[in-house]
Amino acid sequence: MDTFFQQLANGLTIGSIYALVALGYTMVYGVLKLINFAHGALVAASAFIGLTIYATIMGESSSLLAVIAIFALVAAATACLGILLERFAYRPLRQAPRLSAVVSALGASLILQNGIMLVWGPQMRIFPQLVPQVYWNIGGVVISLLQVIILLLSVLLMAALYFFIEKTRMGAAIRASAIDQDAARLMGINVNRVITLIFVIGSSLGAIGGLFIGLYYRGITFEMGWQYGLYAFIAAIIGGIGNIPGAMLGGLLLGLFTAFISGYISSTWADAFTFLLLILILIVRPTGLLGERVAQKV
Amino acid sequence: MSGEALLRLEDLEVSYGNIAALKGVSLEVAKGEVVCILGANGAGKTTTMRTISRLLRPRAGRILFHGEDITQVPAHKVVHLGISHSPEGRRVFGILTVEENLWLGAFTEKRVDKERLRWVYELFPRLEERRKQLAGTLSGGEQQMLAIGRSLMSRPELLLLDEPSLGIAPILVRSIFERIREIAGEGVTVLLVEQNARAALKLADRGYVLDVGTIALEGSSADLLASEKVQEAYLGKKG
Ligand SMILES: Nc1ncnc2c1ncn2[C@@H]1O[C@H](COP(=O)(O)OP(=O)(O)OP(=O)(O)O)[C@@H](O)[C@H]1O
Ligand SMILES: [Mg+2]
């Protein structure tokens, strides 16, 4: 039973990180019908940006204020990268065939990844310990303060995003643009602005995810974007790509799933089982768990 | 026609790639008028409407609204100017509720005008009954009501209606045309595209006949109804 609760805690932690990153994929796909392959590299970049901000601007301080500032600055910097990505890699190809955009996305991903390598080097870097190492042992199950923070902050951010999308005017504009861009324009919605906003939100959430990866796993590498990006992307597909609550659900489920596989079978099998899960879900529900259930009547 | 035109198209040319869809279309709509555009399939009616709301960019020519050149205004700003477009095929937001669709119609407003919403619900009581229902689950006719209602939410001066009777049961068509008359009666200027020429001409003050990208005929509705050409081509009276 201990293993169960221990893996439950671990799974929820990893799952929240997947969910944060998955939101970036799903929101961009929702509006542009484009898989933002560069998102993973952006997430990796955010961890390295965090490293540098910690070492330089913050003078290696890990006071609460400094940590909050690091999160805010990294989110802002990554959002800027996201805006540039959209502006130069995707926007010029908006009317081009789908494949061109995919190639551009892969190209942007490689550029970003190699950029990280050039700036921060090819070797693994160790991310600073910004959160005090506090652990609780609850009947044999060890939970860290960091895990609690990751889970709480993720839930908070996702709740805020959900509220924003469902309850605000701008959120409605995002949903409308995802359904029918021309119709959205006819409502007076500036779809280009909506797309920029999508990249800002997706990239900042991804940045928080990248910082969590650094804090939780400690070792960060320039190519880690592929691995976490792939998992988050699978999470988005499991939840139903384009669907925001779906990405949250898919992330948490995938986190729990990999944690239980690691706990009960072996972590070396996690990849294989993850793909098996993906295939099974796609067979049973090709549109993912929460993918479009209502077809538009023509 | 009297007074200065509210909307004026001057020699509009629009093409899709190499294919010219509009080859110099000029027309005018005065404030308070109901004007219809008739024409066969592929004549360029939808292209004309989409160019006015700037979803399409003309290759040449000008669009004037209140005498001001709006040819370069981006689509999302056209609504702010007072032109609202209910597009062909309705294009309601299917996975949003009826009410959310109407709110989006008022996107240009700081807040949703309750009286406006009231008016739209009075025009189309069916929409109020189904306000919590997803728009995609409405019948074709109801979706058309929603598309028109949605385009009224921005309090337009000029309403562009592209084939409001398309794919709708005949009994509903009549009711929709009555509603359009009511909308025009409230002072909204209407530019209407229709396949259903008879109903359109009965409603409109004037009409234009579009034929492969050019205006072939124009005149008062009475003149067009009496014209042999229109009778043959659009009113199904042969010879
Ligand atoms: N997206 C497009 N790409 C290429 N050609 C197009 C496109 N849309 C329209 N056309 C062409 O432009 C011409 C005018 O089309 P348009 O849709 O304006 O006609 P319409 O009068 O609205 O016809 P309908 O009564 O069938 O709605 C047609 O020849 C059509 O094939
Ligand atoms: Mg048409």
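Values in this document were obtained by computation on a predicted structure and should not be read as measured data. A, B, ... follow the sequence lines: proteins, then strands. Residue 1 opens every chain.
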In terms of heavy-atom pairs under 4.5 Å with chain B, the winner among A:A172, A:A184, A:A173, A:A176 is A:A176
Is there a donor in the side chain of A:N192 and an acceptor in the side chain of A:R94, or the other way round, less than 3.5 Å apart?
-> yes
Has A:Y162 got more than 12 heavy atoms of other residues, nucleotides or ligands less than 6.0 Å from its OH?
-> no
Is the closest side-chain donor-acceptor distance between B:T51 and B:R59 under 3.5 Å?
-> no
So what's closer than 4.5 Å to chain B heavy atoms on A:A178: side chain, backbone, both or neither?
-> neither
Is it the backbone or the side chain of B:S154 that comes under 4.5 Å from a heavy atom of chain A, or both, or neither?
-> neither
Highest number of heavy-atom pairs under 4.5 Å with chain A among B:R54, B:K77, B:H85 belongs to B:H85
May I ask you to decide if the ring planes of A:Y18 and A:Y231 are parallel, tilted or perpendicular, using 30° and 60° as cut-offs?
-> parallel
Under a 4.5 Å heavy-atom cut-off, does chain A meet the side chain of B:H80, its backbone, both or neither?
-> side chain
So, are B:D162 and B:R50 salt-bridged, with charged N and O less than 4.0 Å apart?
-> no
Bottom line for B:L55: the part with an atom under 4.5 Å from chain A's heavy atoms is side chain
